Amino acid sequence: CHSPVGDTFRIRGRKFPAIISCMVVDEFMPWPRDALDGVARRFLIDLVKSNNLTDENQLGLVAANMAEVHLSIDAANKQFLLEERRNNYTTPKSFLELINFYMKMLSDKQTSVTNSCERLERGLA
C-alpha cells in the first residue's frame, strides 16, 4: 500500500510510472451512522451470546457509542489538520479495529475482576 502522504509516493511514481498509470485509488467516503451501528451490532452479538453484555439493549448502547466515537474522529481529524497541517485518515478498517479492541479489552478486564474477586474470597474464607 502506498500512502499518498509525503514524498515517498511522488518519488516512487517517478521511478516506476506503471504504479501511477496502472493503479486504482480507493476513496473512502464516510459511513452513515446506521451502517456503523449495524456493523458494530453484528460483531458484538457474540458478547451477548457469551453473557459479556447483559442484553440486546446494552448491545445497542455500546454499538451506538462506537458509531459516535468513529464519527467524532472525523471532526478531530479536521481540527488536527487545521492545527498541525497534517492529515490523519479514518478508514473502515479503523472501525473494525475499534470493535476488536473493545472486545479484547472487555474480556481482559472481566478476567481481571474475576481473578480479584476470587483472591478476595480466598483471603476472607
Side-chain angles (χ1 to χ4, degrees):
C1 178
H2 296 287
S3 173
V5 180
D7 294 332
T8 307
F9 183 72
R10 180 176 47 82
I11 292 168
R12 286 185 185 153
R14 283 189 192 144
K15 288 182 181 177
F16 309 103
I19 291 176
I20 305 297
S21 62
C22 299
M23 74 178 202
V24 175
V25 176
D26 291 329
E27 291 188 28
F28 296 106
M29 301 309 215
W31 285 10
R33 182 180 305 276
D34 55 338
L36 292 169
D37 190 68
V39 169
R41 283 176 183 268
R42 183 167 184 267
F43 281 95
L44 295 174
I45 194 72
D46 294 335
L47 295 178
V48 174
K49 291 177 183 174
S50 62
N51 292 326
N52 288 334
L53 294 177
T54 55
D55 59 0
E56 293 287 328
N57 185 36
Q58 192 175 23
L59 171 70
L61 293 173
V62 171
N65 186 343
M66 287 188 167
E68 179 62 32
V69 167
H70 188 74
L71 291 173
S72 69
I73 291 171
D74 288 335
N77 285 342
K78 290 175 186 172
Q79 185 67 27
F80 184 75
L81 179 62
L82 289 174
E83 291 178 7
E84 301 293 327
R85 293 182 293 154
R86 292 178 52 206
N87 283 310
N88 184 39
Y89 299 102
T90 326
T91 64
K93 179 68 175 166
S94 305
F95 186 64
L96 297 176
E97 288 173 352
L98 171 67
I99 295 170
N100 287 331
F101 175 73
Y102 176 79
M103 292 172 60
K104 182 178 179 341
M105 185 179 71
L106 179 65
S107 176
D108 291 347
K109 292 296 181 182
Q110 285 178 336
T111 302
S112 173
V113 168
T114 302
N115 291 341
S116 296
C117 289
E118 289 174 357
R119 284 184 60 207
L120 182 63
E121 287 174 359
R122 282 192 305 250
L124 294 176

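Computed from a prediction, not measured in an experiment: that's the story for all the values here. Numbers for residues simply follow the sequence, beginning at 1. Just so it is clear, the values below take in all heavy atoms, side chains as well, and ignore hydrogens, waters and symmetry mates.
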Taking atom [atom1] of [X] and atom [atom2] of [Y], what is their separation to the nearest 0.5 Å?
X      : Y      : atom1 : atom2 : value
Tyr102 : Phe43  : OH    : CZ    : 16.0 Å
Leu106 : Phe101 : CG    : CZ    : 11.0 Å
Asn115 : Leu120 : CG    : CG    : 12.5 Å
Leu59  : Asp37  : CG    : CG    : 8.5 Å
Phe80  : Ile73  : CZ    : CD1   : 13.0 Å
Met105 : Ser112 : CE    : OG    : 12.0 Å

* Asked: Could you walk me through whether Asp74 and Lys78 pass the salt bridge (charged side-chain N to carboxylate O under 4.0 Å, His left out) check?
  -> CA-CA 6 Å; Asp74 288 335; Lys78 290 175 186 172; over 6 Å; no
* Asked: Other than Ile11, which residues form its hydrophobic cluster under the rule that side-chain heavy atoms must be closer than 4.5 Å?
  ->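 For Ile11, no cluster forms, as it stays isolated from other hydrophobic side chains.
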* Asked: With ILVMFWY side chains joined below 4.5 Å, transitively, what does Leu81's cluster contain besides itself?
  ->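 For Leu81, no cluster forms, as it stays isolated from other hydrophobic side chains.
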Does some side-chain heavy atom of [Y] sit less than 4.5 Å from a side-chain heavy atom of [X]?
X     : Y     : answer
Val39 : Ile99 : yes
Val48 : Glu56 : yes
Leu36 : Arg33 : no
Leu98 : Ser94 : no

* To do: Without swapping roles, check the side chain of Asn77 against the backbone of Asn88 for a donor-acceptor pair under 3.5 Å.
  =>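 Present.
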* Donor-acceptor contact present, side-chain Ser107 to main-chain Met103, <3.5 Å ->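 No; zero donor-acceptor contacts below 3.5 Å.
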* Quickly, which of Asp46, Asn52, Asn51 forms a side chain to side chain contact (heavy atoms under 4.5 Å, CB included) with Lys49? Name it, please. =>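 That would be Asp46.
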* Pick one: which of Leu47, Leu61, Ile45 meets side chain to side chain contact (heavy atoms under 4.5 Å, CB included) with Leu53? ->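 Running side chain to side chain contact (heavy atoms under 4.5 Å, CB included) over Leu47, Leu61, Ile45 with Leu53 returns exactly one hit, Leu47.
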* To do: For Glu97, check side chain to side chain contact (heavy atoms under 4.5 Å, CB included) against everything at least two apart and list the hits.
  =>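 Lys93.
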* **Aromatic plane relationship, His70 with Trp31 - under 30° parallel, 30 to 60° tilted, over 60° perpendicular** =>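 Ring orientation of Trp31 relative to His70: tilted.
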* Side-chain heavy atoms under 4.5 angstrom apart, residues restricted to Ile, Leu, Val, Met, Phe, Trp, Tyr: same cluster for Leu96 and Val69? ->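 Same cluster: Leu96 reaches Val69 through Ile, Leu, Val, Met, Phe, Trp or Tyr contacts under 4.5 Å.
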